[in-house]
S.K.: 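Pasting a structure below so you can have a look.
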Amino acid sequence: MNHLDELENKTIYIIREAYACYRKTALLWSMGKDSTTLLWITRKAFFGQIPFPIIHIDTSFKFKQMYEFRDKLAKEWKLNLIISKNTDALKKKVDPKNGMFECCTALKTEALKQTLKKYAFNALLLAIRRDEHGIRAKERHFSPRDTGFNWNYQDQPAELWNFYKTNCVQGEHLRIHPLLHWTELDVWKYIRRESIPIVNLYLSINNKRYRSIGCDPCCQPMDSKAKSITKIIQELEITKVAERNGRCQDKENDYTMQKLRSLGYM
Amino acid sequence: MDRKTLKIALIGHIDHGKSTLLGRLLLATNSLTKGKIAQIKKISKKLGKDTDLAFLTDQLEEEREGNLTIDTTQVFLKTAKHNYIFIDNPGHFQFIKNMLTGTTQAEAAILVIDINQGLMEQTRRHSEIIRMLGINKTIVVLNKMDLVNYSEQKFIQTESTAREFLKTLGINPDFIIPISAKNGLNIAKKSFKMRWYKGQHLLNILDSLKLNTQSEKKPLRLPIQDVLETAEEKIIIGKVISGIVRKGQEVIILPALKKTTLDSILIFKQPNRTKAKSGECIGLTLKDSLLAKRGDIIVENLNLPQLTYRIKGNILWMIEQPLTPGITLTLRCATQEIQCIVEKIKRKINSATLEISPLDKQELKQNEIGIVELKTKNILVAEKFNFIEELGRFILVQNNKVCACGIITDIL
């Protein structure tokens, strides 16, 4: 079994474990490369028919290409898609210009809270990876959040071998991270091997490409000539620039990500 | 060529330099992203310290301010030869559960010992833990050689104490290396300050490690994870943990001992699959409509595992409230979840002194390792840990909380 097969099998095991233990599961899809890869593997885990809904937390600030990509794949893969928006905050014109921390919290974390409550999900699959950010490197594959959505990062439960948390108490939910053990490079190699569709923002146009995508106003493209996935892989083999260098919410302060995540951010 | 990925845990006593060593390894393999060192310098300065390499992995604000590692972290790096996942662990007594979370994922361990302090309580406890977990590749680094003036004599002295101690555990360290993580000596380059050391530097030694697992050659074991019901069929899903499974094969479903034949092996978009091997997550359909559920184990019709109500094992007790005989707990072994009673606590191993002591009192306190006998309410399908690991290891759960981990040494 090669490295990518090992990663894929572990991910399938975790996804199936999530559904086996928590029938009220949903997958969080942002249309980025990681969550699209997660979606791809989840289809594999269930032989093409995902037995639970896919949630898109729509801040309304996403790139146009991402919305097109979402609608195309949702149709092609027959996804049970839930589009979730914090409409109150949007009416109040919450905007990254008036503070990124507040904007992320209102349009992402709050929107997610509302959806979770409405559908009573108790497990959410998310495509975060350890190598993205130091704070994500501390995560568990099955990570509980309390009723208030808080992440008690100072006292995380033990997660031994592949024994994951098989139940949770009322009101709690589990963040399940099936791609936690992948690196950015692994994801791209796997995308190439499997021919997984991606948003074209990742590919270079006029010598610029996005390495990590989210909301349009908070993402900066990087200099790059990589017009194909193979070129992206070559570029990443030698780069010294951090993956989320173009993502504003990571940089506000040394511990912004820790604070966002402790309050329930992805 | 496919590169191997090795998973290595850093273990040892608090402040002996595990996180600093990891920071140094990141630096030495040129694995840091631009601006990372500047950021660490800035944070160190803000806290009034010299640049602290441990901050590369001690990411939490509380860890940096408190100067300690609270939770386990995994870091990826690569050398010319291999890819590595380094698992950093906290050295504190209170954070043993986090250390176990990290270390149960590892295939080899680096035991970090401060040459000045020698073997301390968590050095001993962590060593005992890796022995219990069956991690038998161990490299010892004697750190902070700069603080003893690179003394060969001091090295020889501590080396022999360490070797002697590990021998009592049955651990034979593959290498013992004098290093200075802080100054980067003998990490990626031989140090001129320790010419008396004739061995290799740490990275070369890591690159030469050979790990092998041959679970394909063992009998078939497939714990059922779930059964998916579609309009047309029932699909059994699970991971092959040992052996090979073949289409058309006659198998037995345990613990009910029901015989059946495999109709198909299902892997998405691979319609012609006729077999699957250890490590693969697959789907199966049966020739008949036998009932099967999560927790059942599919095995080949020869070489059956043991069906039992009683096992003996080594456990590490993880929670504050001590373990006493008669307590009911949930035992999880592969996908099985069964109530069990702790019948006997036979002996305990004092991690600080490593004496195997007869019990003065029938109890195990937090972070103590002991030998126990468990009685299950229903039949358990079990193997000895040294035969099939995934059916030979278990955790004990109470009120939704993991309170012990263990391995099966005997089936009674």
Side-chain angles (χ1 to χ4, degrees), chain A residues 1-13 15-17 19-21 43-49 51 130-131 133-140 153-163 165-169 180-181 183-186 239-243 245 254-255 257-259, chain B residues 2-5 30 32-36 39 42-43 46 56-62 64 70-76 83 85 97-98 100-101 104-105 225-226 228 230 235 237-239 266-269 277-281 283 294 318 332 335 337 389-390 393-395 397 400-402 405:
Chain A
M1 199 179 273
N2 68 32
H3 180 58
L4 290 179
D5 291 332
E6 271 175 31
L7 296 176
E8 182 196 55
N9 275 291
K10 181 166 180 173
T11 298
I12 290 178
Y13 188 83
I15 294 167
R16 288 174 168 176
E17 201 65 4
Y19 184 62
C21 302
R43 289 181 73 232
K44 280 190 153 185
F46 299 107
F47 313 100
Q49 307 257 317
R130 286 200 179 99
D131 76 326
H133 194 283
I135 198 74
R136 287 179 171 173
K138 300 258 172 197
E139 266 288 4
R140 303 285 188 259
Y153 58 84
Q154 294 216 59
D155 186 23
Q156 297 201 70
E159 188 170 85
L160 310 176
W161 292 299
N162 54 359
F163 294 106
K165 206 167 153 49
T166 50
N167 50 41
C168 62
V169 297
L180 199 59
H181 55 295
T183 64
E184 183 186 17
L185 206 48
D186 292 330
T239 187
K240 288 288 155 220
V241 178
E243 178 179 5
N245 195 48
D254 293 329
Y255 303 107
M257 198 61 167
Q258 175 177 341
K259 280 172 195 134
Chain B
D2 193 42
R3 295 158 61 90
K4 282 300 290 173
T5 299
N30 201 15
L32 293 171
T33 52
K34 221 164 80 186
K36 196 76 197 172
Q39 188 197 358
K42 193 185 92 190
I43 295 168
K46 213 160 65 190
L56 291 167
T57 53
D58 287 342
Q59 175 75 33
L60 298 174
E61 194 168 6
E62 292 81 355
R64 289 173 177 169
I70 293 173
D71 210 339
T72 179
T73 297
Q74 296 194 12
V75 171
F76 302 83
N83 293 343
I85 296 171
K97 76 174 165 63
N98 296 341
L100 286 165
T101 296
T104 52
Q105 306 303 319
Q225 256 188 305
D226 202 352
L228 300 175
T230 66
I235 304 173
I237 56 177
K239 178 176 127 188
L266 301 175
I267 294 174
F268 189 52
K269 293 209 165 147
K277 57 183 192 305
S278 143
E280 288 192 278
C281 287
R294 178 176 170 89
M318 293 161 62
R332 292 179 58 192
T335 54
E337 285 198 45
E389 284 189 16
E390 285 196 51
R393 64 195 187 197
F394 60 88
I395 59 171
V397 182
N400 222 348
K401 201 169 175 181
V402 181
C405 62

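Naming: A, B, ... by sequence-line order, numbering from 1 per chain.
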S.K.: Between Lys239(B), Glu62(B), Glu389(B), Gln105(B), which shows the greatest number of heavy-atom pairs under 4.5 Å with chain A?
M.R.: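 Highest number of heavy-atom pairs under 4.5 Å: Glu62(B).
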
S.K.: If you define the side chain from C-beta out and look only at heavy atoms, does anything of Glu61(B) sit under 4.5 Å from Lys259(A)?
M.R.: yes

S.K.: Hey, are the side chains of Lys165(A) and Val402(B) touching, using non-hydrogen atoms and a 4.5 Å cut-off?
M.R.: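 The answer is no; the side chains never approach within 4.5 Å.
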
S.K.: Counting C-beta onward and ignoring hydrogens, is there a side-chain heavy-atom pair between Asp155(A) and Lys97(B) closer than 4.5 Å?
M.R.: yes

S.K.: May I ask you to test the Ile12(A)-Glu280(B) pair for a side-chain heavy-atom distance under 4.5 Å?
M.R.: no

S.K.: Below 4.5 Å, heavy atoms only, C-beta onward: do Gln49(A) and Thr230(B) meet side chain to side chain?
M.R.: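 Counting from C-beta outward, Gln49(A) and Thr230(B) never come under 4.5 Å.
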
S.K.: Is it the side chain or the backbone of Cys21(A) that comes within 4.5 Å of chain B heavy atoms, both, or neither?
M.R.: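 The side chain, not the backbone.
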
S.K.: Would you check if Tyr19(A) and Leu228(B) make a side-chain contact, meaning some heavy-atom pair closer than 4.5 Å?
M.R.: yes

S.K.: With chain B, which of Glu8(A), Glu6(A), Lys44(A) has the greatest number of heavy-atom pairs at distances under 4.5 Å?
M.R.: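 Looking at each of Glu8(A), Glu6(A), Lys44(A) in turn, Lys44(A) comes out on top.
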
S.K.: Measure the shortest side-chain to side-chain distance between Gln59(B) and Tyr153(A) over non-hydrogen atoms and say whether it is less than 4.5 angstrom.
M.R.: no

S.K.: Nearest 0.5 Å please: distance from the CG atom of Asp71(B) over to the CD atom of Glu139(A).
M.R.: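 Atom-to-atom, Asp71(B):CG and Glu139(A):CD are 9.0 Å apart.
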
S.K.: Is Ile235(B) close to chain A through its backbone or its side chain, or both, or neither, when contacts mean heavy atoms under 4.5 Å?
M.R.: side chain

S.K.: So, Arg16(A) versus Gln225(B): side-chain donor-acceptor pair below 3.5 Å or not?
M.R.: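 No, Gln225(B) and Arg16(A) have no side-chain donor paired with an acceptor closer than 3.5 Å.
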
S.K.: Counting only N and O atoms by type, is there a donor-acceptor contact under 3.5 Å from the side chain of Thr101(B) to the main-chain atoms of Glu159(A)?
M.R.: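 It does hold such a pair.
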
S.K.: I'd like to check Thr33(B) versus Val241(A) (side-chain heavy atoms, cut-off strictly below 4.5 Å). Are they in contact?
M.R.: no

S.K.: Which region of Ile43(B), side chain (C-beta onward) or backbone (N, CA, C, O), has a non-hydrogen atom less than 4.5 Å from a non-hydrogen atom of chain A, or is it both or neither?
M.R.: side chain

